[in-house]
Amino acid sequence: MKTIDIQATRSYPVIIGENLLEDIGCIVSKVHAPCKAAIISDSNVWSVYGDLVASSLESTGYCACNFVFPAGESSKNSGTYLEILNFLADNQLTRTDLIVALGGGVVGDMAGFAAATYLRGVPYIQVPTSLLAMVDSSVGGKTAIDLPAGKNLAGAFYQPKCVICDYSVLNTLPEDIFRDGCSEVIKYGILYDPELFQHLYASGLDFDREYVISRCVELKRNVVLEDEFDTGARQKLNLGHTFGHAIEKNSNFTVTHGQAVAIGMAIAARASSTYGICEAAITEAIISILEKFKLPVTTDYSDQDLYAATLSDKKRAGMNVNLILPRHIGSCIIQATTINELQPFIKAGL
Ligand code: GLY
């Protein structure tokens, strides 16, 4: 088991290990004394792990209640968010109680946003059950819901009291969802760590889970320490995301986040070598690792389709979009690009 401390507005541990869920009550009690615990989960995760988590919490003295919504990105909306708030109110949760986000990125983002806003903030813990949520969305306090105009358009920075990553739950994750998370893991290698990149390249899906998850969380810790509120260095974590979100939106979210980010990274890599930002060999290495993980690297959407969707992306700043572009494996730049320059850039990456 490993613990990585995140220093932010509120400091908290990320605990990474195997078979942690059965002891979750005991682990949680070290950061928050027994109280009412509202578990927010989705239908897939709850059916496998709900009873285990609820009974561990109850046996440690928590009074558990649960709100379960249909799994999938389409639930990450204002309707489900309001249902969660009403559930918390109906169960008379108070500011000394606790929200437990049990699930992948959708659950964590939405339960986190409910925690940030219900009673102007109640404590919550993240229990990520997907690889993507373990290495990225559960750490660093970003919470959000989608609006019809785009992804994550309403949200808050609100740090959890702890994050519990039990990577044995990845054994029950469908392979396509596991691959989705690999896209974010590969992203960390491209952004910061050639050694991590090499390990992933050599191992494929059989990578060392404890090493890889811990390393990604350490890298994210460094980013959050430097730029908790996403005004500078943290923007690099958006590698592949500007184009990725445009693909997700065009597909009406039938292309998953991880697949879309993989295509987005491939677009960024191709355009970067065309524009002389990186050498062709770097682009080839990025495409090649994505293909090794059987992640998609092309899309049928046109530069026009992607450009139009990018204009409503929350990362747009006035007439500029900050693109994250690879120079080497382990080093990327933030390049302010005007919206006029954007469409030819996308075209170069397709
Ligand atoms: N998921 C990107 C970030 O936390 O900044």
Pair Tyr188-Leu237, side-chain contact (heavy atoms from CB on, under 4.5 Å): steps then yes or no: CA-CA 8 Å; Tyr188 282 101; Leu237 296 177; 3.9 Å; yes
Minimum-distance pair of heavy atoms, taken over all atoms of Ala233 and Asp227: N-OD2, 3.1 Å
Aromatic ring proximity, centroids under 6.0 angstrom, Phe207 and Phe178: yes
Single-linkage hydrophobic cluster Ile289~Val135, side-chain heavy atoms < 4.5 angstrom: yes
Cluster check Ile282, Ile263: I/L/V/M/F/W/Y, side chain < 4.5 angstrom: no
Nearest non-hydrogen partners of Val122 and Arg95, listed with the distance: CG1-CA, 3.8 Å
Cluster overlap Leu98 with Phe67, hydrophobic side-chain contacts below 4.5 Å: no
Leu325 reachable from Ile329 in the ILVMFWY side-chain graph, under 4.5 Å edges: no
Any donor-acceptor N/O pair, His199 side chain to Phe197 backbone, under 3.5 Å: no
Polar side chain donor-acceptor pair, Asn77 to Thr80, under 3.5 angstrom: yes
Lys2/Glu218 salt bridge by N-O under 4.0 Å criterion: yes
Ser41 side chain to Tyr49 side chain, donor-acceptor N/O pair below 3.5 angstrom: no
Ion pair Arg209/Glu18, N-O distance below 4.0 Å: no
ILVMFWY cluster, Leu295 and Ile247 together (side-chain gap under 4.5 Å): no
